[in-house]
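Here is the naming used below: chain letters follow the sequence lines, and residue numbers restart at 1 for every chain.
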There are 2 protein chains.
Amino acid sequence: MSTITQVPRPLPEQLVELIAERFRIIGEPMRIRLLDALREGEASVQELQAAIGASQQNVSKHLGVLLRAGIVSRRKDGNFAVYAIADDGVFELCDHVCGGLRRQLENLDALLPGGTSR
Amino acid sequence: MSTITQVPRPLPEQLVELIAERFRIIGEPMRIRLLDALREGEASVQELQAAIGASQQNVSKHLGVLLRAGIVSRRKDGNFAVYAIADDGVFELCDHVCGGLRRQLENLDALLPGGTSR
DNA sequence: ATATAACACAACTACATCGTTGTTTGCTAC
DNA sequence: GTAGCAAACAACGATGTAGTTGTGTTATAT
């Protein structure tokens with residue numbers, strides 16, 4: 001199942017907004033930390049809170065944003081709320097961004113006299 | 001040169017910030033429109049302004065953001081400033097996002113009785 | 001039933017950023 | 001030089017959102 005997302009040429013306004021929203025949601029340090037933590041598997045709010053070091057309310061809030069965006073899923077287990085990655089694509093996205101960052105650094109590096117080191 | 005961006009497991013704080021910034025920069029409707037317009041090739045501020053329908057100052061400002069992020073490049077041609085895509089990776093990113101959106105829509109679609117239409 | 005724990009919701013403050021208005025810079029033409 | 005155009009810069013108001021504080025809400029345990 002290849003994802004050959006043939007995108008229309010002048011992007012329709014609605015799609016622009018959707019894409020922007022998606023990027024904006026991921027473009028938050030706290031949410032990236034949450035997604036990164038969830039990479040190891042599902043976790044409760046408590047565990048995420050401990051892993052990241054943020055207030056319970058803040059973690060819950062950001063998880064709510066990710067949940068409404070369909071990026072994570074939620075499951076109730078007794079007294080706990082267990083969150084998990086629902087859309088693995090986000091990691092490919094992050095890897096892509098990391099690749100881009102790396103390319104930029106390499107380009108900057110090439111401009112310096114010292115080469116790779118220094 | 002395959003970009004196998006092996007990302008460290010707990011993402012270092014600096015990298016988190018960089019990734020977030022990158023996403024945040026792309027996550028703006030106006031900037032997405034600019035990038036979309038530049039997909040056809042380099043263009044002056046005037047042309048972009050006309051294509052998108054925004055004020056000169058606003059277009060210039062957003063282009064400045066994209067330029068500082070290294071996503072577009074700038075070239076002076078007489079009285080004009082000609083911008084072009086510097087990092088083609090952004091389109092793959094957008095396609096990825098579109099793919100994710102499409103998957104979500106399909107999932108929602110599957111939940112509806114009518115199937116694909118309606 | 002009561003107490004406690006885990007999580008979510010609501011109101012609020014602080015801060016960032018979008019878009020506008022006004023101005024400045026840099027180039028071309030006369 | 002002066003006039004005129006393209007683009008960038010600067011300051012401002014309005015809006016959005018991150019994080020905190022305070023308060024429900026739901027489930028477990030005694």
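- Per the geometry, CG belonging to B/Leu34 stands 14 Å off C1' belonging to D/dA7, to the nearest Å.
- If you run side chain to side chain contact (heavy atoms under 4.5 Å, CB included) between A/Leu66 and each of A/Glu28, A/Arg31, A/Arg74, only A/Arg31 comes through.
- Annotation: side chain of B/Val72 is in contact with side chain of B/Leu35 (closest heavy-atom distance under 4.5 Å).
- For A/Met30 and D/dT17, the CE to C1' distance is 13 Å, given to the nearest whole Å.
- Taking a 4.0 Å limit (strictly below) on heavy-atom distances, residues 48-67 of chain A reaches DNA chain C at A/Gln56, A/Gln57, A/Ser60, A/Lys61.
- Counting to the nearest Å, the P atom of D/dG16 and the CD atom of A/Glu21 are 13 Å from each other.
- Using a 4.5 Å cut-off on side-chain heavy atoms (C-beta onward), A/Glu40 and A/Glu47 make no contact.
- With a 4.5 Å cut-off on side-chain heavy atoms, B/Leu63 and B/Val45 count as touching.
- Within 6.0 Å of atom CD in B/Glu13, more than 12 heavy atoms from other residues, nucleotides or ligands are found, so the atom counts as buried in its surroundings.
- Each of B/Glu47 and A/Glu28 has a nearest nucleotide on DNA chain D; the 5'-most of these lies closest to B/Glu47.
- Comparing A/Asn79 and A/Arg33 by the nucleotide of DNA chain D whose heavy atom lies nearest to each, the residue mapping closer to the 5' end is A/Arg33.
- D/dT17 atom C1' lies 12 Å from atom CD1 of A/Ile25, rounded to whole Å.
- Here the straight-line distance linking atom CD1 of A/Ile85 with atom CG of A/Leu38 works out to 4.5 Å at 0.5 Å rounding.
- Atom P of nucleotide C/dT17 and atom CZ of B/Phe23 are separated by 17 Å, given to the nearest angstrom.
- When the side-chain nitrogen and oxygen atoms of A/Tyr83 are compared with OP1 and OP2 of C/dA6, none of them lie within a distance under 4.0 Å.
- Between A/Lys76 atom NZ and C/dC7 atom P the separation is 8 Å, expressed in whole Å.
- Note: CZ (A/Arg74) to C1' (C/dC9) measures 12 Å, nearest angstrom.
- The pair A/Arg33-B/Glu17 meets the salt-bridge criterion, with a side-chain N (NZ, NE, NH1 or NH2) lying under 4.0 Å from an Asp/Glu carboxylate O.
- Residue B/Phe80 contributes atom CZ, which lies 17 Å from atom P of D/dG4 at whole-angstrom precision.
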